[in-house]
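Only a predicted model underlies this, so the values are computations on that prediction, with no experimental measurement involved. Just so we're on the same page: letters track the sequence lines, and every chain starts at 1.
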Amino acid sequence: MAEALLRLERLEKSYGALRVTDAVTLDVRPGEIHALIGPNGAGKTTLIGEIAGQVRPDAGRILFAGEDVTRLPVHARARRGLARSFQITNVLPDFTALENVALAAQARAGSSFRFFRPAARDEALNGRAAEALAGVGLAARGGIRADALSHGERRALELAIALVQEPKLLLLDEPMAGTGREESTALTRMLQRLRGSRAILLVEHDMEAVFALADRISVLVYGRVVATGSPAEIRADPVVREAYLGEGE
Amino acid sequence: MPPETQSGMSLTLAAVQTLNGLQLGVLLFLVAAGLTLVFGVMDFINLAHGVQYMMGAYFAVAGYALTSNFLAALAFAVLGSLALGLLLERLVFRRLYRRSHLDQVLGTFGIIIFLNELARTVWGATPRTLPVPEALSGSILLMDGLLYPVYRLAILAAGLVVAALLYVLVRWSRAGMLVRAGASNPRMLSALGIDVDRLFAGVVGFGAMLAGFAGLMAAPILSVGSSMGDDLLVLAFVVIVIGGIGSIRGAFVGALAVGLVDTLGRSFATDIFKLFLAPAAANEAGPALASMLIYILMAGVLFFAPSGLFGAKTA
Amino acid sequence: MTARAAEDRPPEAPALPAPAGTRARALGRLLVPVLLFAAFAALPAAADALGQTFLVSFATRVMILALAAMSLDLILGYGGLVSFGHAAFLGIGAYAVGIAAEEGLTEGLAVFPLAIAAAALFALATGAVSLRTRGVYFIMITLAFGQMAFFTAISLSAYGGDDGLTIWGRTEFLGGTPLEDDRAFYFVVLGCLAACYLLARAIVASRFGRVLQAARQSPGRVAALGLDPFAYQLAAYAIAGGFAGLAGALLANHTEFVSPAYMSWHRSGELIVMVILGGMGSFHGAILGAIVYLGLEEALSHLTEHWRLLFGPFLVLVVLHARGGLLSLLPVRPRDG
């Protein structure tokens, strides 16, 4: 597929003798929700790290919107339209929810080397931030410090931050991790609404959410992609059933 | 040592300065070794390590004043430093291990302020001296035209012996194994059911003892003053940055490098500048550059290896 | 592996109070500085009335070091960077004035920008190396660079070396000597402090300031937004260096003398102590911290020559028991949890 937005070509990464990314080739097309599933220790978080730029692969290439970004640092990739949420919530604890999102809006809006005008009174930033907060159900919580929000609220805040960056590709690293039943249903509905507007690479353990959301699913086992296909194909794949779905799900 | 020829003199001078540099290096190593272990195992930045060196020298002076015996002075320095280290660990350090680096810096800075002033109050503002022990006085002829004080060679030898012992201890003893494990993964220690409090106190006490020993060794060739630990502390930091936190081998290599570069730089930078600068300009630029050399070395190492040459952890 | 691979380390400095807090806090942020600057403005007249004219000189020194402490707070409190080489910037600013005067340059419109630029440039160069690292490495490296400046000053035999350099007359402005009058100099220093205070507050409230504060809390998050934390921290480091350079230029004019001792690492430690005493992350806190520190020094040294025997343990106790600085001991707690 020539029009892939993100393309991983034979990516390799080892920690000592342990091969955590093993010849991974994978693509994400514009507008699709591509889920990445696999048992614990399959190397999903490392792979997300390689895509986002925290982890440098030993070999292989990462192409984003046709450009080789394999050697670019995190911030340069983010600027090209790659946003992520973190598996372990990574919001700014001393900032309010609104300030967290406003900072993302500011990063999107261009240079942050502006030294004099108070950012707190920048209505353009605040407006966009408030809108994004409303979109994830946090409209009433903008003035609360992030460290005083509940776990589920912080997960939603992560999503609002990523969305306000208006990325071409959204990397979601277990957005449902640690959330309750109701919250994950709400998050699923939120992601449902995003369908088609932007590409999403979703790493998730919640199979109900994955099969409800994904256009395509790739299965990672011991650092290797063992299958890629539509939810129906994945469900029917004997290799996947044996390697993954059979175990414990 | 009256020189016969120009080249003979500079060769002799180079040899003398190399020995002086190595000797500064081993003193630095004795101070840096304890510091780097404390950093590595406890992630604790102890600014008060320099005053341990200073107090070691004063303990030696006090011990000698009482007994007129160098070996007794040595016992005073080593045991006094050990006791002081354990006391500080008990009273202050222990409460700082889990705190931010900033709190650690401030708390240990408070200890420096106190101990520096205490030394001034007890022993006065004028520097003290410790005589060179009888058995190690005098000089020996190392090569033609090169007479070198025996005591300085003894420092070098003692430093190397301690370095070797330390290496063996860290490499092969049970305590050493724990220290190494702790330096690369501190959380593992408590998971293994180790009495972490005792291990930490032991590492701090041991490091204090080494620093005190270095203070004693330095006392006969430097004057003993209350600020002698301050400059040495920063040099020890440079050593650790170069060698890498938690690494004894790194501390050794870094200490010798810093000792040599600093000593040789100070004695030759001006001459080297005179090769291509006017003498007046060289006399200004030489010392200025010489005093920056080790920091430039540090910046260079950092550029290529941000966690030091033998660093167990990333910065 | 570069140090920036370890971006998700917990921030060095403990968390600050919320930028937008309760009404009491908002009031404090307005009232405390207003009272503080009013007190400074009224001090010379009060000193006259009380017949305590030495107070003017003492307060001048307090304001100059308060300016230096404030500049440190920009990177320490807001940026979370435990820089232990700040006295070098102060000393470079002072030496710029001293060396310029020695070379016959005494025009303030040239000397002051020179002092600020020299300190900012030194900060930029050493910051570019230091900021590649984090944690204890950063502390040790900034300390080492500070010591480098100290020893370099000692080696400058043409400019006094170890003994320091006497300045024969304060900096001139357009041929006049407005600073020669101690009272006028006092108000110039006060003006500098007030202007820098407002500027520093504007900077931390700006877009730039937000990124700087975010980088303290989570460099990894900032990078994920497409902003390079290094660039913002380095810029802040250079700005703080410039402010401290101005303080150094004022200090040289105040004492009419510069010495390597201005750059000793103990002086860097003292500046950190001032920031901590006042409570990090508040510029008027840094000013209060300077007042408290120098006031304590003054008061204790009247008590005994060996006042440090008291101050050392006091500092240890503050660290162990008053984590938010002395302001946190006041009845009005700024935190709203």
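- Of all heavy-atom pairs between L225(C) and A104(A), the closest is CD2-CB, 3.7 Å.
- Using a 4.5 Å heavy-atom cut-off against chain C, the contacting residues of residues 149-160 of chain A are E158(A).
- Nearest heavy atom pair, residue A214(C) against residue F95(A), reads N-CZ, 4.0 Å.
- Side-chain contact between H75(A) and F230(C) is absent, with no heavy-atom pair separated by less than 4.5 Å.
- Only the side chain of L125(A) comes within contact range of chain C, judged by heavy atoms closer than 4.5 Å.
- Nearest heavy-atom pair across Y232(C) and S112(A) is OH-CB, 3.3 Å.
- Other residues, nucleotides and ligands place no more than 12 heavy atoms under 6.0 Å from the CZ atom of R10(A).
- D122(A) is listed as a side-chain neighbour of R207(C), based on a closest heavy-atom distance under 4.5 Å.
- Taking all atoms of both residues into account, the shortest heavy-atom contact from L92(A) to S218(C) is CD2-CB, 3.9 Å.
- Of the two parts of A231(C), the backbone and the side chain both hold a non-hydrogen atom closer than 4.5 Å to a non-hydrogen atom of chain A.
- At a 4.5 Å heavy-atom cutoff, A52(A) makes no contact with chain C through either its backbone or its side chain.
- Your options are R84(A), Q106(A), R79(A), and the one with the most heavy-atom pairs under 4.5 Å with chain C is Q106(A).
- For A120(A), the parts sitting under 4.5 Å from any heavy atom of chain C are the backbone and the side chain alike.
- Residues D94(A) and Q217(C) approach most closely at N-OE1, 2.9 Å, considering heavy atoms.
- If you measure heavy-atom distances from N100(A) to chain C, you find no contacts under 4.5 Å at all.
- Taking both residues in full, the closest heavy atoms of A78(A) and A224(C) are given as CB-O, 3.2 Å, listed atom of the first, atom of the second, then distance.
- Only the backbone of R117(A) comes within less than 4.5 Å of a heavy atom of chain C; no side-chain atom from C-beta onward does.
- Heavy-atom pairs under 4.5 Å with chain A peak, among L199(C), I203(C), L227(C), at L227(C).
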